[in-house]
Protein chains: 2
Amino acid sequence: MKPVTMADVAALANVSKSTVSQYINNRYDYMSEETKRRIEEAIRQLGYKPNYVAKSLKQKQTSTIGVIVANILHTFSTQVIRSIEDVCREARFHAIVCNADDNPQQEKEYIEMLRAKQIDGLIVFPTGGNIDLYQTMVKEQYPLLFVDRFVKDLPVESILLDNEKASELAVDHLVESGYRKIGMLTTSLHSNITPRIERINGYKKALEKHGLPIREEHYKGVDVRQMDQVLAEMFRLPEPPDALIAGNDLTLMEILKFAKKHNLSIPRQVAVIGIDEVSFSGIYHPPLTTIVQPAFEMGKQAAESLLAQIKGSDRERKEIQRFAPKLIIREST
Amino acid sequence: MKPVTMADVAALANVSKSTVSQYINNRYDYMSEETKRRIEEAIRQLGYKPNYVAKSLKQKQTSTIGVIVANILHTFSTQVIRSIEDVCREARFHAIVCNADDNPQQEKEYIEMLRAKQIDGLIVFPTGGNIDLYQTMVKEQYPLLFVDRFVKDLPVESILLDNEKASELAVDHLVESGYRKIGMLTTSLHSNITPRIERINGYKKALEKHGLPIREEHYKGVDVRQMDQVLAEMFRLPEPPDALIAGNDLTLMEILKFAKKHNLSIPRQVAVIGIDEVSFSGIYHPPLTTIVQPAFEMGKQAAESLLAQIKGSDRERKEIQRFAPKLIIREST
DNA sequence: CTGTTAGCGCATTCAG
DNA sequence: CTGAATGCGCTAACAG
């Protein structure tokens with residue numbers, strides 16, 4: 001009873017399917033006003049809706065892209081997704097979003113399933129664990145774009161934050177404000193998640209630039225669950241840091257929690273600066289100085305670039321685009 | 001060069017397409033070990049990947065659902081989406097997520113596009129502005145499920161918070177703690193966004209229950225941009241509230257901002273309780289008492305119910321499921 | 001300007 | 001146990 005197809009409207013309108021098809025897709029064809037009206041009438045009367053699956057099969061394109069993020073719960077991810085969705089809507093595309101949870105196996109399954117579904121392109125926050133798969137895709141010229149994380153030796157367009165710059169901004173600001181024993185904490189460095197590594201590197205370079213010593217005991221990359229302990233150790237040091245850079249929002253939370261628990265006054269006893277903006281930075285006590293990444297612009301750029309790849313416009317494509325972080329000075333430093 | 005189809009593997013394996021198809025879908029058929037191996041070999045050698053679009057066209061199901069949220073940037077939405085995505089993965093489904101931005105027109109376009117794409121079902125945070133469309137879908141028995149917002153007189157399975165209960169919990173707690181002039185603020189009540197209305201209703205009922213007066217000047221539903229002013233007026237009252245319920249997270253932020261700006265001490269001068277959990281509730285000064293909604297469970301339930309609808313299991317379906325909010329007492333009350 | 005003819009890639013009878 | 005035939009709903013030449 002339900003599915004009314006093109007054949008039905010063709011029959012009712014007394015024309016052939018192809019005429020209907022033409023009517024649907026390109027009104028510019030000059031078709032007699034008469035048949036036009038008849039077709040229109042028929043489709044209205046039948047409540048006909050074209051079936052895009054059939055169309056996709058024929059045309060080999062689904063107007064759908066896939067977005068594979070590490071975890072949609074991260075603010076950064078949701079902001080990027082939001083922008084992607086916005087530009088997709090403009091282009092009449094849809095986005096399938098998937099959580100890989102930093103699990104290469106899961107990432108792999110998603111990529112394969114999505115490609116089997118003939119998705120037109122893929123934006124991924126790569127786990128870094130499927131080099132072969134990535135490689136296959138570039139070899140096949142499949143529209144692909146990485147966000148947030150850098151994968152070495154792979155010619156894939158990538159939208160990244162200038163992570164070293166982010167740390168540098170933090171260090172510069174701290175130094176200008178008179179701090180000299182600047183520490184940095186971030187989440188685990190074990191996996192090959194490049195932003196974390198780059199941020200640590202940027203931190204070290206910036207210290208050097210200012211002629212400050214790099215002390216092993218002042219920077220750590222550890223699992224969130226160990227942060228409390230690591231922080232405790234750091235502040236038991238003969239020379240504890242007088243300022244702390246949080247490598248990301250999760251870390252910032254832990255630092256704040258620690259400070260609260262031990263009654264460390266910010267910034268009097270420790271200055272704190274976070275990389276990644278957090279919703280409450282403005283209303284915290286004290287208001288938090290942060291380094292924000294332009295998540296929305298990054299998402300927009302990612303989607304636009306991917307769509308450009310899909311449309312096959314052979315525009316210049318910068319392989320790597322680094323976006324500039326921005327320092328927002330508040331009162332925690 | 002690229003697309004290797006079933007015909008190709010059939011040719012290479014020296015069998016017919018249907019044999020390959022059978023091999024792919026149901027190994028249980030007893031097929032000679034020999035041909036099995038040959039097929040396997042062929043598909044490996046050719047790197048054959050089945051085309052789901054073709055399959056979908058034939059089978060009339062895409063293993064894809066649509067999720068239309070008001071705004072993915074809300075924590076609640078992202079948590080719900082996260083759960084949905086999780087159960088979809090289990091079921092080998094995919095989720096297309098769309099932002100309707102509380103715009104009925106946009107919602108409509110999405111619904112139509114997604115249905116044209118033969119999506120198997122839809123989870124929507126309804127704007128409430130497309131009653132006809134919703135109605136059509138129920139008439140067609142199209143798998144559909146609403147989340148967060150209630151739409152009157154429509155037999156659609158809905159996953160909602162017990163919003164009145166949320167306010168009641170807040171009021172009860174406040175009363176127990178000795179507050180008597182309890183105010184409530186929330187975002188605009190103009191549109192038919194039911195949670196806000198229900199929360200206000202719950203607030204009034206709870207006041208009545210405790211024999212407390214309902215004062216017009218103590219509760220407001222206004223746009224975020226006007227909150228600062230409204231709050232100012234409230235605290236200029238001869239009898240300002242001694243406790244404030246924030247109808248959602250956005251409102252909570254505004255209240256906190258206001259308190260900070262005017263040096264209102266929480267809870268000494270005003271107690272504050274928020275409906276909706278916020279990331280910083282535990283580390284704020286003071287830690288914030290909140291009413292949390294079980295977003296993950298709600299998302300999980302939504303996805304499971306929708307998939308059940310899709311599978312056509314004629315299980316009992318409660319039309320409306322209200323989830324219980326939970327009070328987390330911290331120190332802002 | 002409109003109809004005929006062929007598929008897209010796969011699944012499904014139905015014979016052999 | 002395997003293959004030939006048919007069609008899902010739509011588009012795309014190519015004729016008329």
Side-chain angles (χ1 to χ4, degrees), chain A residues 1-43 46-64 112-113 115-120, chain B residues 1-43 46-64 112-113 115-120:
Chain A
M1 148 197 182
K2 280 304 332 327
V4 25
T5 88
M6 220 165 78
D8 299 327
V9 325
L12 210 177
N14 248 311
V15 296
S16 82
K17 289 191 301 177
S18 55
T19 310
V20 179
S21 175
Q22 283 171 167
Y23 173 81
I24 303 272
N25 294 298
N26 29 256
R27 10 177 86 286
Y28 37 76
D29 273 36
Y30 14 26
M31 180 180 319
S32 83
E33 282 306 323
E34 170 56 16
T35 63
K36 234 184 254 187
R37 213 181 19 263
R38 283 217 312 279
I39 294 177
E40 189 165 17
E41 170 60 15
I43 122 169
L46 266 37
Y48 167 70
K49 303 281 184 226
N51 179 331
Y52 271 72
V53 173
K55 181 176 185 153
S56 294
L57 177 57
K58 186 70 184 173
Q59 300 190 156
K60 280 135 177 14
Q61 61 125 329
T62 52
S63 298
T64 306
E112 288 177 343
M113 284 290 297
R115 293 211 54 188
K117 282 195 180 170
Q118 312 299 114
I119 295 310
D120 296 332
Chain B
M1 152 196 179
K2 281 301 337 323
V4 29
T5 89
M6 220 166 77
D8 299 326
V9 326
L12 210 178
N14 249 310
V15 296
S16 83
K17 291 190 300 179
S18 56
T19 309
V20 179
S21 174
Q22 283 172 167
Y23 173 81
I24 303 273
N25 294 299
N26 29 254
R27 12 178 81 285
Y28 36 78
D29 273 37
Y30 13 25
M31 180 181 316
S32 83
E33 283 305 324
E34 170 55 17
T35 63
K36 234 185 258 187
R37 212 181 16 265
R38 283 217 312 280
I39 294 178
E40 189 165 15
E41 170 60 15
I43 120 170
L46 265 40
Y48 168 69
K49 302 282 183 222
N51 179 330
Y52 272 71
V53 173
K55 181 175 187 157
S56 294
L57 176 57
K58 186 72 183 174
Q59 300 188 155
K60 281 135 176 13
Q61 60 125 333
T62 52
S63 298
T64 307
E112 288 178 344
M113 283 291 297
R115 292 211 55 187
K117 282 195 180 171
Q118 311 299 113
I119 294 310
D120 296 332

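For the numbers below, each heavy atom of this structure counts, side chains included, while hydrogens, waters and symmetry mates do not.
An OP1 or OP2 oxygen of D:dT11 is reached within less than 4.0 angstrom by a side-chain nitrogen or oxygen of A:Ser21. In this model, the phosphate group of C:dT2 is approached by a side-chain N or O of A:Thr35 to a distance below 4.0 Å at OP1 or OP2. Within the structure, a side-chain polar atom (N or O) of A:Tyr48 is placed less than 4.0 Å from OP1 or OP2 of D:dC10.
What separates NZ of A:Lys117 from C1' of C:dC10 is a distance of 16 Å, to the nearest Å. The separation between B:Arg38 atom CZ and D:dC1 atom C1' is 12 Å, rounded to whole Å. Rounded to whole Å, the distance from CG on A:Asn51 to C1' on D:dG7 is 14 Å. Rounded to whole Å, atom P of D:dG9 lies 15 Å from atom CZ of B:Arg115. Summarising the geometry, the separation between CD on B:Gln118 and C1' on D:dC10 is reported as 12 Å, rounded to the nearest angstrom. As a whole-Å value, the separation of A:Met6 CE from C:dA6 C1' is 14 Å.
To the nearest 0.5 Å, atom OG1 of residue A:Thr62 and atom NZ of residue A:Lys55 are 12.0 Å apart. Here the NZ-CZ distance, from B:Lys49 to A:Arg115, works out to 9.0 Å after rounding to the nearest 0.5 Å.
Judged by distance alone, with hydrogens and angles left aside, the side-chain atoms of B:Lys117 form no donor-acceptor pair with the main-chain N or O of B:Thr64 at under 3.5 Å. Looking only at distances, no side-chain donor or acceptor of B:Asp120 sits under 3.5 Å from a matching main-chain atom of B:Gln61.
A heavy atom closer than 4.0 Å to some atom of DNA chain D occurs in B:Leu57, B:Lys58, B:Lys60, these being the qualifying members of residues 55-62 of chain B.
The side-chain hydrogen bond (donor to acceptor under 3.5 Å, both in side chains) test applied to B:Ser56 returns no partner, not counting sequence neighbours. In this structure A:Glu112 satisfies the side-chain hydrogen bond (donor to acceptor under 3.5 Å, both in side chains) test with no other residue, sequence neighbours excluded. Under the side-chain hydrogen bond (donor to acceptor under 3.5 Å, both in side chains) criterion, A:Gln59 pairs with no residue, sequence neighbours left out.
In plain terms, the two heavy atoms of B:Val53 and B:Asn51 that are nearest each other are N-OD1, 2.7 Å. B:Val15 and B:Arg38 make their closest contact through CG1-NH2, 3.7 Å (heavy atoms, listed as atom of the first residue, atom of the second, distance).
An angle of 40°, rounded to 10°, separates the two end axes of the helix from C:dC1-D:dG16 to C:dG16-D:dC1, each defined over five pairs.
Within the nucleic acid shown, B:Asp8 has no heavy atom closer than 4.0 Å to any nucleic acid atom.
A:Pro50 has its side chain within reach of A:Tyr48: a pair of non-hydrogen atoms, C-beta onward, lies under 4.5 Å apart.
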I'd like a list of close polar pairs between nucleotides 13-16 of chain D and the protein, N/O only, cut-off under 3.5 Å.
none

Show me, pair by pair, the donor-acceptor contacts under 3.5 angstrom made by side chains of residues 4-14 of chain A, not counting sequence neighbours?
unit_1	atom_1	unit_2	atom_2	d
A:Thr5	OG1	A:Ala7	N	3.0
A:Asp8	OD2	A:Thr5	N	2.8

